[in-house]
Amino acid sequence: MADEIIKVLLVEDNPGDAFLIQELIKDVNTAKVELEAVEQLSDALKILAGDRYAGIRPRFDVMLLDLSLPDSQGLDTFVRANRETKAIPIIVLTGMDDENLALRAMQEGAQDYLVKGQVTGDLLVRSMRYAIERQRVEEALRHSEERFRVALKNSPIFVFNQDTDLRYTWIYNPITGWTMEEMLGKQDSEIMTEQDARCLTAIKYNVLTTGLGTRQEVSINTPRGTRYYDLTVEPLRNESQEIVGITCACIDISDRKLAEAKIREQAALLDITTDAICVRDLENKILFWNQGAENIYGWQANEAIGKDASELLFREPSPEIEAALLHVISQGNWQGELNKVTKAGKDVVVASRWSLVCDEQGRPKSILSVDTDITQKKHLEAQLFRTQRLESIGTLASGIAHDLNNILTPILAGAQLLPLKFPDADERTQHLLEILEINAKRGADLVKQVLSFARGVEGKRITLQLKHLIVEVVKILKETFPKSIEVYTDIPNNLWMVSGDSTQFHQVLMNLCVNARDAMPDGGRLTISAENLLIDENYARMNLEAKQGSYIIVTVSDTGVGIPEENLDRIFEPFFTTKAIGQGTGLGLSTVLGIVKSHGGFINVNSEPGRGTSFKVYLPAVADSEIPSSDNFLPPAGHGELILIVDDEPSIQEITKTSLESYQYQALIAGDGVEAIALYAKNADKISAVLMNIMLPVLDGLTTIRTLKKINPQVRIIATSGLISKAKLNEIVNTGANSFLAKPYTVNELLLALHEVMI
């Protein structure tokens, strides 16, 4: 049945629920499902009546039926549908508060019921397959009783009939532990425990009173211990179609239940770990895939099992993987770091340990691998190594600059003394001496720039108001830059003070602005802005270079060509430049970094090729500025409101959840858009706001926002991202987000954003 196409008629008037069911079905790759949806019961009955009048087999294998429809409500919805669709199994869809109604529908003949908000794709498909299969079995029971009796002769099924008083009248293959003589003429209460008898009697009396068959799993305490049975009960009718008893079939499923319990216990232990545990055969086909693997790589177990691990987890064949496979087969184990890719195309780094699994004869059978996600750790290491590399380069540059100073000092002095020594030198000689002096001075200036990168040139440190310095720089820019470049500023009146050398800060601003100009050869927009920021522990954990305290942020952004991703890690290295020969020394940004670091600050760069670049310079505010305590900035704490956090970075999830819970909020976490939709559909009445990252695997943030808005147009959404262009920001606003929060963000900014969207 796994390869058959399941044709489904969905009767659901809620567009959000209908959309979610369609999306859940799409995610189950092992099922081929064709779904047609209608919003009213009358529409569904017309379709089925048309097939019946045309004399053709019903087009649908199963019906998913919401009991609350515009033209029909409650149990009457099922009764009407069941009366017209005897040949099609019906699965009832109900809300969390209507399970009693669903159970009544089951008593009336529904094959199964599913609670909205608690449905997964796998559960939905399994339920449909179960309903179809059960319908087929019941039809076979009703129309092929004689064939069933013949089949019983070679079957371990326990079959029996009981009269209307539920006394055993006929038995085939008695239940383990009792003889046929012990059971005939008896009721369940005379041979079983009170609890077992009460349970079985309730099931059987329900069939007698309703005339509807049922199938349930039951446990019975027999003289040989507890046994589990798959029990099918049908009404037994005479020629006048009067119910004269029941006929039952029991299949002993004890071994299966015990095996399933053991497997669940083992699987639960494996799923507790956050590591990805995978078992592959020697042909690299996946045999086992735990929940940790689902969380790290995004592939569900039913999607991964049977697939080639290399095709699923690597972009292209790797000699390293081939070598690892040979090593584990020959040596029994292997470990190392691997770069893998998730279902969403995201690169992850894992610490992988492989072990060879052998059969009872000691022959290699499979490979067990345990992967630990160290992507975040590697990112932090990369930041640390980058800082250390720049420090090493700075140390080297400092030593070279010192030696160059020793070399250039006598050359420059000689170049200045020679014209005095030879005042009567001819014009050509004087010109050569001028060239010598000019180039010696250029060399000395170059050494100063190298030193400013290496350790920051010490200048006169005074308390400065950067607002005045920015105004001076902007005046120069407007006078010297091409008219095609528009210069804008955004500086608050209450900007805090910094301590530093005004000449060096002037150099920082000019270098950044000149770079911005060069990035806009055809014109554009250059913006210089400044703002105050209190960096807290939350922010510092998101940015390795930041420390808790008060800062001033000066942002220089342009709308130019942007910086390619492969160059971002190198732009601050001395002598690195992408400009043509003769157009730049490659010391501008390294000088900027040296000056900023010497003042205790740091720099963040965001760039989007084709859209522009933004340099954010963070400088510590001076202690004597009037800086209020961060506590004075915090909006009122929450009152137990539930916030849905949607982010694919585990560290961001944990930091944000901890921060919210510290201020009396509650938090739910989703790692991608599909999980966010499922969680919101289940808890829509409880969730007060959604914190939505725009860049998400599986389903991106904008699509997720649109879907949430369809489920609840009033949902309050705060979008977050590390870098958003103006065009992208406008798209986010138009999609329906109520606010935007740039990463990294402080607790104060997070609480303020929540307070604003929820008031």
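Note: hydrogens, waters and symmetry copies are ignored here, and every other heavy atom, side chains too, is used.
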Would a distance-only check, ignoring hydrogens and angles, find a side-chain to backbone donor-acceptor pair under 3.5 Å from [X] to [Y]?
| X | Y | result |
| --- | --- | --- |
| D700 | L696 | no |
| E531 | P492 | no |
| E641 | M758 | no |
| S607 | I563 | yes |

Identify, with sequence neighbours excluded, every residue that meets side-chain contact (heavy atoms from CB on, under 4.5 Å) alongside V341.
R315, D347
Partner residues of K710 under the side-chain contact (heavy atoms from CB on, under 4.5 Å) criterion, sequence neighbours left out:
none
Report the residues that fulfil ring-ring contact (aromatic ring centres under 6.0 Å, His included) with [X], sequence neighbours left out, ordered by chain and then residue number.
| X | result |
| --- | --- |
| Y665 | none |
| F615 | none |
| Y680 | none |

Compare every heavy atom of [Y] with every heavy atom of [X], then report the nearest pair and how far apart it is.
| X | Y | value |
| --- | --- | --- |
| T342 | V348 | CG2-CG1, 3.7 Å |
| A676 | T704 | CB-CG2, 4.2 Å |
| T559 | G524 | OG1-CA, 3.5 Å |
| F314 | L338 | CZ-CD1, 4.4 Å |

Heavy-atom check, side chain of [X] versus side chain of [Y], under 4.5 Å:
| X | Y | answer |
| --- | --- | --- |
| L679 | L644 | yes |
| T735 | T703 | no |
| V617 | L512 | yes |
| L466 | F505 | yes |
| L668 | I645 | no |
| V473 | H506 | yes |
| I595 | Q507 | yes |
| I603 | V592 | yes |

Less than 3.5 Å apart, which donor and acceptor atoms pair up between the side chains of residues 478-487 and the rest of the protein, not counting sequence neighbours?
{"residue": "T480", "atom": "OG1", "partner": "I476", "partner atom": "O", "Å": "2.8"}
{"residue": "E486", "atom": "OE1", "partner": "Y488", "partner atom": "OH", "Å": "2.4"}

For [X], which residues count as a salt bridge (Lys or Arg N to Asp or Glu O under 4.0 Å) partner, sequence neighbours excluded?
| X | answer |
| --- | --- |
| K616 | none |
| D672 | none |
| K467 | none |
| D522 | none |

Please name all residues satisfying side chain to side chain donor-acceptor pair (under 3.5 Å) with T658, sequence neighbours left out, ordered by chain then number.
E654
Could I get the full list of side chain to side chain donor-acceptor pair (under 3.5 Å) partners for T372, not counting sequence neighbours?
D275, R353
Given the rule in the side-chain contact (heavy atoms from CB on, under 4.5 Å) test, do W496 and L533 qualify, once you have shown the distances and angles that lead to the verdict?
CA-CA 9 Å; W496 297 332; L533 176 67; 5.9 Å; no
When you check the gap from the basic side-chain N to the acidic O, do R525 and D558 get nearer than 4.0 Å?
no
Nearest 0.5 Å, what's the [atom1]-[atom2] distance between [X] and [Y]?
| X | Y | atom1 | atom2 | result |
| --- | --- | --- | --- | --- |
| M695 | T720 | CE | OG1 | 11.5 Å |
| S739 | R716 | OG | CZ | 10.0 Å |
| L477 | I470 | CG | CD1 | 11.0 Å |
| S688 | H639 | OG | NE2 | 12.0 Å |
| I711 | T707 | CD1 | OG1 | 7.0 Å |
| E472 | H468 | CD | NE2 | 9.0 Å |

Under 3.5 Å, is there a donor-acceptor pair between the S614 and N606 side chains?
no
